[in-house]
Amino acid sequence: MTRSVIDPITRIEGHLRVEMEVDSHGIVSDAWVSGGCFRGMELVVQDRTPEDAAQIVERICGVCPVSHAHASSIAGDKAYGITISNKARIVRNLIEGAQFLHSNILWLYNLAALDYVNPLNALNANIPDTYELAQAVGTSMNTDFYALAEKLTKFAENGQLSIFSGNWFGADEGTAYTMTPEADLICTAHYLEALKMQARASEVSALLGGKMPHVMTIIPGGCMWVPTEQKLDDLKAMCEEIRTWCNETLLQDTLVLAQFYGDALNWGKGCGRYVAWGVFEGPKWPYANYEEQMRNRYLPMGVIDENFKVTSVQESSITEYMGHSWYKGSETYTSPYFVTEPDFTSYDVNDRYSWVKCPAYDGKPMEAGSMARIFSAYLQGVDFVVDGVDTISDALGAQRGDLSAFQSTLGRTAIRQVETLYIADLMCQWVDDLMEAIKGGEEDYFKEPETITGSGTGFWEAPRGALYHHEDVKDGKITGYQIIIPSTWNLAPINADGVHGPLEQALIGIPVADIEMPINALRTVHSFDPCTACAVHVSQPSTGKHFETVTNPWGVK
């Protein structure tokens with residue numbers, strides 16, 4: 001039996017183990033995904049106020065803290081019976097949009113790109129040909145390619161690859177990376193530019209939120225940020241800078257990747273069903289009810305089945321199964337009556353093997369994330385999304401409207417750029433909307449609660465997918481709190497019916513040519529952008545080989 005353990009896979013957040021079994025033909029035949037970290041934030045906020053909870057729960061993640069503060073505040077709004085003001089709606093959208101831009105840019109270039117881009121190969125680039133290629137594909141040329149090549153040469157000469165070290169550039173006996181040196185140099189340049197652009201997006205979050213990560217201005221009742229003329233000028237300039245860079249770079253680079261890695265369109269589909277609760281509150285604020293509110297978000301809610309039929313969200317259809325996770329019992333709980341009682345036993349893929357619970361919708365595993373949001377928006381006719389998806393379909397040679405063309409590792413990677421471009425455009429629009437609202441003398445940014453007892457659910461989205469916060473409040477204190485984060489959907493273990501979770505299903509069928517560096521598995525894991533750190537564990541019963549690498553500084557497996 002061949003086994004390969006890498007702990008952790010880098011370029012993601014948290015702790016994750018992926019164990020795969022590979023058949024004699026080099027194809028993954030089974031897979032198990034294990035989250036290796038207990039969160040328990042639901043227990044931390046017990047007996048605290050909803051205002052405290054909005055600040056505490058965003059500590060779940062330093063990459064997407066705004067989404068947690070936002071979902072918690074929506075739950076608080078609902079529990080308190082508050083409809084926030086229009087100006088608060090716009091400011092919340094701006095803070096959330098800035099975080100999405102940061103996360104999406106960071107993911108594509110600084111987390112996922114090094115599965116495809118080899119900066120060492122860029123040392124062989126012909127610089128005039130590099131400029132010619134960049135011009136031909138229509139991507140940006142903000143970087144001096146001559147200077148970058150010189151910098152990369154110094155990295156290679158002193159043996160210190162800095163931020164490019166520790167990757168699998170030698171996978172498949174050096175054949176796994178197929179881009180030309182010129183394409184590698186262009187994408188390496190944009191990797192470095194992306195470090196600046198994702199930082200600029202975080203500056204926007206900090207301007208609006210007081211600091212970043214863990215903003216301070218989103219609270220139940222609205223927000224605490226009040227704009228000034230100088231802040232609005234700074235905000236507008238930064239949003240326009242980010243939009244310009246995204247328009248010049250993201251989609252063009254993604255299509256370059258597709259030219260060299262078209263095979264990644266053939267595997268990594270996943271479960272083929274999707275959930276999106278919707279994100280960015282719509283312009284015709286306020287709405288008559290919660291369903292209308294979610295349906296009219298700029299990226300609207302939608303539950304999408306195997307046939308791409310989209311329906312509205314029903315909270316009572318959400319369940320969590322415990323039988324393969326490290327929690328007490330093997331029950332299936334129905335929203336919002338979930339339970340968080342940790343009970344670690346041992347790692348056993350035939351029993352319990354993950355801290356990740358097993359959420360389902362109508363009893364089925366569902367994929368969450370950017371692809372789910374874009375599918376929902378496309379099916380509901382959001383113009384910008386329809387145009388963007390059709391553009392990529394044309395470039396990939398797919399039929400317009402055939403969303404199944406995106407159900408793959410590369411498709412999941414490519415379609416996210418439509419969302420990033422849409423948000424970058426919306427950010428500039430929202431700045432203008434806020435200025436008009438201020439001119440119109442609309443109501444304040446915050447409303448006091450009239451009641452401090454109630455229950456509320458925050459259906460929202462983080463960059464990685466559907467985010468759910470529910471709280472019960474009595475006399476201003478939380479008596480119950482539950483959270484389902486996006487990666488819980490995607491990294492779910494086997495359910496009560498023996499069906500694998502979305503990432504597990506996506507891994508099954510993937511080709512593995514190099515048992516020591518299963519690069520296609522890595523590409524697929526990164527396409528989900530999981531909020532965990534990963535370990536990949538590969539077994540091949542036919543050979544009996546064994547390989548193990550531990551890069552965790554504590555040697556934890």
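Here, residue 1 is the first one in the sequence, and each next residue gets the next number. Source: prediction; values computed, not measured.
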Start with the C-alpha distance between Arg297 and Trp460, add both sets of side-chain angles, then the distance that settles side chain to side chain contact (heavy atoms under 4.5 Å, CB included), and finish with yes or no. CA-CA 10 Å; Arg297 287 169 172 168; Trp460 197 240; 3.6 Å; yes
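- Between the side chain of Thr453 and the backbone N or O of Asp475 there is at least one donor-acceptor pair closer than 3.5 Å.
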Assess whether side chain to side chain contact (heavy atoms under 4.5 Å, CB included) is satisfied between Val382 and Val386, documenting all intermediate values. CA-CA 6 Å; Val382 176; Val386 171; 5.6 Å; no
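- Crowding of Phe344 atom CZ: a count of heavy atoms from other residues, nucleotides or ligands under 6.0 Å exceeding 12.
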Stepwise side chain to side chain donor-acceptor pair (under 3.5 Å) test for Tyr422 and Gln417: CA-CA 8 Å; Tyr422 183 38; Gln417 310 330 308; over 6 Å; no
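- Taking the six-membered ring where the residue is Trp, Tyr287 and Trp285 present perpendicular rings, their angle passing 60° and hence far from 30°.
- In summary, the side chains of Glu471 and Ser455 do not present any donor paired with an acceptor at a separation below 3.5 Å, with no hydrogens or angles considered.
- Distance NE2/His324 to CZ/Arg352: 8.5 Å, rounded to 0.5 Å.
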Please evaluate residues Arg464 and Asp529 with respect to the criterion salt bridge (Lys or Arg N to Asp or Glu O under 4.0 Å), reporting the C-alpha separation (whole Å), side-chain torsions for both, the decisive distance (0.1 Å), and the verdict. CA-CA 7 Å; Arg464 289 158 186 81; Asp529 192 13; 3.4 Å; yes
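- In terms of heavy atoms, His68 sits closest to Leu467 at CE1-CD1, 3.5 Å.
- In the displayed structure, Lys474 atom NZ is contacted under 6.0 Å by at most 12 heavy atoms of other residues, nucleotides or ligands.
- Looking only at atom types and distance, the side chain of Asp362 has a donor-acceptor partner in the side chain of Ser317 under 3.5 Å away.
- In this model, a donor atom of one side chain and an acceptor atom of the other lie less than 3.5 Å apart for Gln380 and Ser376.
- The backbone N or O of Val356 sits less than 3.5 Å from a side-chain atom of Ser325, completing a donor-acceptor pair.
- Residues in residues 364-380 take part in these salt bridge (charged side-chain N to carboxylate O under 4.0 Å, His left out) pairs, two or more places apart or across chains: Glu306-Lys364, Glu367-Arg412, Arg373-Glu419, Arg373-Glu461.
- Taking a cutoff of 4.0 Å between a charged side-chain nitrogen and a carboxylate oxygen, Asp433 and Lys87 do not qualify as a salt bridge.
- The local environment of NZ in Lys447 is crowded, with over 12 non-hydrogen atoms from other residues, nucleotides or ligands closer than 6.0 Å.
- For the pair Arg17 and Tyr347, the cation-pi test (distance below 6.0 Å, angle within 45°) is passed.
- Under 4.0 Å is where a charged nitrogen must lie from a carboxylate oxygen, and between Glu281 and Arg89 no such pair does.
- Proximity of a side-chain donor or acceptor of Ser205 to a complementary backbone N or O of Met212 within less than 3.5 Å is not detected.
- Of all non-hydrogen atoms in Ala492 and Pro502, the two that sit nearest each other are CB-CD, 4.4 Å.
- Using a 30° and 60° split on the angle between ring planes, Trp277 and Tyr361 fall in the tilted class, from 30° to 60°.
- Judged by distance alone, with hydrogens and angles left aside, the side-chain atoms of Asn495 form a donor-acceptor pair with the main-chain N or O of Asp497 at under 3.5 Å.
- For the residue pair Glu291 / Ser312, a side-chain donor-acceptor distance below 3.5 Å is found, with atom types taken as modelled.
- Two residues are said to be in side-chain contact when any heavy atoms from C-beta on lie closer than 4.5 Å; Gln429 and Cys239 fail this criterion.
- To the nearest 0.5 angstrom, Thr311 atom OG1 is 8.5 Å from Met301 atom CE.
- Just one of Glu42, His469, Gln46, Arg48 meets the side chain to side chain donor-acceptor pair (under 3.5 Å) condition when paired with Tyr481; it is His469.
- Counting heavy atoms from C-beta on, the side chains of Val91 and Leu434 come closer than 4.5 Å.
- With no hydrogens or angles considered, a side-chain donor-acceptor pair links His500 and Asp30 at under 3.5 Å.
- With rounding to the nearest 0.5 Å, the separation of CD in Glu203 from CZ in Arg200 is 4.5 Å.
- A side-chain N or O of Tyr468 and one of Glu315 form a donor-acceptor pair less than 3.5 Å apart.
- Outside the 6.0 Å centre-distance limit, the rings of Tyr333 and Tyr321 are not counted as a close aromatic pair.
- By the 4.0 Å N-to-carboxylate-O rule, Asp305 lies too far from Arg273 to be salt-bridged with it.
- Residues Ile494 and Val499 have side chains not in contact (no heavy-atom distance under 4.5 Å, counting atoms from C-beta outward).
- Thr488 is listed as a side-chain neighbour of Ile485, based on a closest heavy-atom distance under 4.5 Å.
- Side-chain contact, Gln482 with His470: no donor N or O sits under 3.5 Å from an acceptor N or O.
- A side-chain N or O of Thr409 and one of Thr524 form a donor-acceptor pair less than 3.5 Å apart.
- Distance check: Ile478 CD1 to Asp52 CG gives 8.0 Å after rounding to the nearest 0.5 Å.
- Contact of the Met371 side chain with the Arg416 side chain is not registered, since no non-hydrogen atoms from C-beta on lie closer than 4.5 Å.
- The closest side-chain heavy-atom distance from Gln505 to Pro365 is below 4.5 Å.
- Here Asp425 contributes atom CG and Ile242 contributes atom CD1; the two are 13.0 Å apart, rounded to the nearest 0.5 Å.
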Derivation of the side chain to side chain contact (heavy atoms under 4.5 Å, CB included) call for Gln407 and Tyr274: CA-CA 11 Å; Gln407 292 180 310; Tyr274 307 90; 3.0 Å; yes
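- Using a 4.5 Å heavy-atom cutoff, the side chains of Met224 and Phe446 are not in contact.
- Residue Lys211 qualifies as enclosed at atom NZ: its count of foreign heavy atoms under 6.0 Å is above 12.
- Between Thr332 and Glu320, the side chains place no donor N or O within less than 3.5 Å of an acceptor N or O (distance only, hydrogens not considered).
- Ring centroids of Trp355 and Tyr327 are separated by less than 6.0 Å, placing the two rings close together.
- Looking at heavy atoms from C-beta onward, Glu19 lies out of side-chain contact with Ser34 at the 4.5 angstrom threshold.
- A salt bridge does not link Glu292 to Arg295: none of the charged side-chain nitrogens sits closer than 4.0 Å to a carboxylate oxygen.
- Separating the CG atom in Leu94 from the SG atom in Cys223 is a distance of 10.0 Å, to the nearest 0.5 Å.
- Two rings, from Tyr298 and Trp430, have their centers less than 6.0 Å apart.
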